[in-house]
2 protein chains.
Amino acid sequence: MLFKAAVKPGSEKGDGRPFISWFNPMRLIRSGGAAFFILLATVWPALSSDWGTGALMVVVEREAGSVLVIDSSQDHKVLGRIKGLGALHHASISFSRDGRYGYVVSRDGFLSKIDLVKLKLVSKLKVGDSAIGLAVTQDNRYIAISNYKPGNIVIVDEKTFKVVKTIEADDSKTVGLVDAPDDLLVVALMDANSIWVIDAGDPDFPVIRKYENIGEKPYDALLTPDGRWYIAGLFHSPWVAMVDMWNPEHITKIPLPRPPGKEDAPPVLKIPHLEGWIMAGKTLFAPVIGGSGLAAIDTTTWKMKKFIPLSAYPVFAMARPDMRQIWTNYVLGEHHDTVEVVDVKSMKVIRKLKPGARVFHMQFTPKGDAIYISSNGDNKILVYDTKTFELIREIPAAKPSGIFCSARSSKFGL
Amino acid sequence: MLFKAAVKPGSEKGDGRPFISWFNPMRLIRSGGAAFFILLATVWPALSSDWGTGALMVVVEREAGSVLVIDSSQDHKVLGRIKGLGALHHASISFSRDGRYGYVVSRDGFLSKIDLVKLKLVSKLKVGDSAIGLAVTQDNRYIAISNYKPGNIVIVDEKTFKVVKTIEADDSKTVGLVDAPDDLLVVALMDANSIWVIDAGDPDFPVIRKYENIGEKPYDALLTPDGRWYIAGLFHSPWVAMVDMWNPEHITKIPLPRPPGKEDAPPVLKIPHLEGWIMAGKTLFAPVIGGSGLAAIDTTTWKMKKFIPLSAYPVFAMARPDMRQIWTNYVLGEHHDTVEVVDVKSMKVIRKLKPGARVFHMQFTPKGDAIYISSNGDNKILVYDTKTFELIREIPAAKPSGIFCSARSSKFGL
């Protein structure tokens with residue numbers, strides 16, 4: 001790369017002149033022999049990529065159609081930027097099992113494979129007209145994409161990067177697509193009120209299970225990190241639909257708790273990302289529908305045992321990997337610049353931060369000693385120490401939105 | 001590397017002759033100019049390391065003093081071997097946060113830093129006369145080693161690879177060293193019947209908490225993957241000592257269940273690695289002291305709810321990442337060549353495999369679709385599909401023992 005850049009235009013002519021102005025290999029070779037190669041051996045390692053892929057933070061720069069790649073294990077050093085990924089509104093990223101590749105799906109239906117070692121776009125493929133999410137199969141052989149338009153699930157071979165199967169979804173938008181143990185995929189059908197299970201270990205990708213009438217309009221879903229519980233949120237039903245993958249005969253409907261004093265209120269339409277559902281031991285923390293706070297729900301009884309008031313209704317509520325803290329953000333409205341930290345033990349807000357304008361997303365480092373926060377309005381990434389709440393780094397980024405850590409590669413449902 | 005190897009002895013003399021027999025850069029440069037650099041640009045990528053570090057399997061070859069590095073995400077391809085690591089009996093490996101480096105501690109007290117991208121030994125340091133375990137701090141800045149002799153904990157700076165602190169342990173062997181959230185280290189003192197908590201976020205590494213009289217002779221310990229529960233096994237007391245890191249005021253003693261019919265028997269001395277304690281939901285699976293089987297213990301009551309008979313007393317009992325299967329091995333005695341698979345849902349042995357002579361260790365790939373098994377007696381690694389139990393790969397290895405996956409880097413206590 002460096003050598004290429006240093007080649008002068010004249011060098012292509014083959015005129016025998018020394019063709020690199022600052023560095024003359026011919027003279028070196030004539031005068032010293034091995035000296036050239038000693039120099040080469042010295043420069044070589046510095047030119048090759050020199051990082052592991054286990055703790056990379058990939059930041060979506062949505063207007064620019066690029067991602068910024070940061071190594072959280074090298075003092076949060078910016079490694080580079082990969083461009084040309086298209087419209088990245090609501091873009092989502094999953095990773096190959098080794099963290100080597102990122103797969104970016106953009107709302108306008110493009111799937112891009114990016115190389116996080118060589119920092120380049122490897123392949124790009126149109127997979128739909130309106131894509132919403134993706135999942136990498138457990139065996140790392142396929143990338144599955146869920147589309148709003150046309151309503152289907154598209155399976156792409158990871159190596160050839162070609163579509164190997166399109167599964168029509170009864171004219172329904174598909175959402176909440178996840179990879180599950182034993183090479184399964186699970187997805188919800190928004191307009192068909194269904195959940196489907198696909199066997200990605202079978203070359204025909206058969207739909208091996210269909211749950212119907214799960215409730216009105218599933219809009220998102222999650223799989224618990226152990227790969228066992230698939231939970232779908234519903235726009236128009238006051239419960240969530242849950243599949244126990246170990247006992248998949250039927251679904252369970254779990255009533256949603258309402259905030260205190262609003263027990264009889266109808267459910268609201270706008271509901272947060274299910275990424276914001278947190279299981280800590282036997283307690284589930286979830287943003288309360290229609291309220292400004294987090295509900296702590298006892299999963300043995302499904303009753304609300306505590307309501308934790310927040311500044312507003314959180315868009316994301318994310319747990320530190322040790323489940324001791326929950327960080328929340330608000331995006332819209334007056335609290336767009338605010339992040340609040342809930343201590344899970346005391347169930348209280350212990351810190352209120354103002355990282356910058358329009359906090360869009362957050363992501364913890366693999367062991368949660370730091371958190372990356374994107375301030376879309378201030379064009380920067382803020383890195384905080386989660387123990388001291390100290391700001392440890394500010395990284396310029398072009399209108400950053402989603403942040404994804406390559407350690408997601410070893411977790412189900414991400 | 002390749003260029004260096006191709007240099008003929010005569011090339012050092014600077015005699016102006018073309019000094020590489022199979023490839024003449026001078027002629028290329030004289031005749032074509034850019035051609036040499038075009039060739040270089042073509043060869044370059046092939047020579048640089050070309051893999052991610054998120055799913056590497058590192059196999060200890062103990063007599064040879066080497067490790068074999070296999071990429072589980074590239075069809076279980078052998079990437080290479082790193083030699084010169086010394087006596088690797090009971091060697092343990094932890095990883096840097098990004099999976100780039102492995103830290104190998106050998107029983108004879110050497111700590112080696114190995115580079116899993118360039119496949120070479122980076123540094124080697126004597127840290128004790130008899131070392132037993134290690135941990136990387138949450139912030140990735142230090143490697144801590146627990147020594148039997150002298151009885152201490154040694155802290156090594158990850159970058160300079162120098163000892164920055166030695167913590168004397170009251171003349172006691174130290175065991176069960178783990179990294180915990182908020183940059184803490186937890187360790188048990190075998191001869192002092194204690195558990196200590198060290199603050200690795202403070203440059204003085206103070207011991208901030210000491211639990212005394214925890215029971216007789218702690219021999220090993222584990223930290224649950226969420227970093228919350230530290231559990232130490234005891235040679236001469238019929239309980240385990242548990243610290244809740246969220247409520248660290250005191251320890252809890254949990255009585256060990258005995259096998260049916262042996263409720264009054266004294267505890268035996270030889271106890272398995274605590275790596276074999278498995279938490280699946282509210283059930284703890286543990287090898288039963290003095291029995292040939294696994295106990296399923298209800299963690300709300302600490303009573304044994306089921307006893308699962310096995311061929312012998314397991315040395316390791318390891319859970320697939322989704323907690324649906326437990327794989328066991330026996331090493332000593334007639335069942336040295338046997339592996340049994342317990343289905344966690346039905347609590348029954350569902351498969352008995354004979355991978356080879358002297359099965360020493362096992363390790364799952366990050367999402368558990370495959371398991372690596374070392375057959376020390378047959379000099380090979382066997383890779384099995386955990387869904388079909390099919391043998392999918394045999395990899396020759398020199399007397400393999402421990403196998404460690406780089407995905408451990410993102411988990412507490414490993």
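Within every chain, numbering begins at 1; the chains are lettered A, B, ... in the order of the sequence lines, protein sequences first and strands thereafter. The model shown is predicted, which means the values in this text are computed figures rather than measured ones. Atom set for the values below is all heavy atoms of this structure, side chains included, hydrogens, waters and symmetry mates excluded.
Among the candidates B/R324, B/R320, B/K367, B/K387, the single residue satisfying the salt bridge (Lys or Arg N to Asp or Glu O under 4.0 Å) test with A/D182 is B/R320. Under the side chain to side chain donor-acceptor pair (under 3.5 Å) test applied with B/R97, the options A/D71, A/T365, A/D369 reduce to a single match, A/D369.
The heavy-atom pair separating B/D226 from A/D322 by the smallest distance is O-CB, 3.3 Å. Shortest non-hydrogen contact noted between B/T53 and A/G52 is OG1-CA, 3.2 Å.
With a 4.5 angstrom heavy-atom cutoff, B/T388 does not touch chain A via any of its atoms.
To the nearest 0.5 Å, the span separating CG on B/D75 from NZ on A/K159 amounts to 5.0 Å. Here the CZ-OG distance, from B/F364 to A/S410, works out to 15.0 Å after rounding to the nearest 0.5 Å. With values rounded to the nearest 0.5 angstrom, B/S73 atom OG is found 14.5 Å from A/F95 atom CZ. Here A/S72 contributes atom OG and B/D98 contributes atom CG; the two are 8.0 Å apart, rounded to the nearest 0.5 Å.
Applying the 6.0 Å contact sphere to NZ of A/K348 captures no more than 12 heavy atoms from other residues, nucleotides or ligands. Other residues, nucleotides and ligands contribute only 12 or fewer heavy atoms inside 6.0 Å of the NZ atom of A/K77.
Every residue two or more places apart in sequence or in another chain that forms a side chain to side chain contact (heavy atoms under 4.5 Å, CB included) with B/A135 is listed here: B/L177, B/D179, B/L185.
In this structure the side chain of B/D50 reaches within 4.5 angstrom of the side chain of A/R100, judged on heavy atoms.
Between chain A and the residues B/P181, B/A180, B/S406, the largest count of heavy-atom pairs under 4.5 Å involves B/P181. Comparing A/G54, A/G201, A/A370 by heavy-atom pairs within less than 4.5 Å of chain B, the highest count is held by A/G54. The choice from B/P321, B/P366, B/G99 that makes the most heavy-atom pairs within less than 4.5 Å of chain A is B/P366.
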Step-by-step side chain to side chain contact (heavy atoms under 4.5 Å, CB included) determination, B/V117 to A/W51: CA-CA 8 Å; B/V117 169; A/W51 54 79; over 6 Å; no
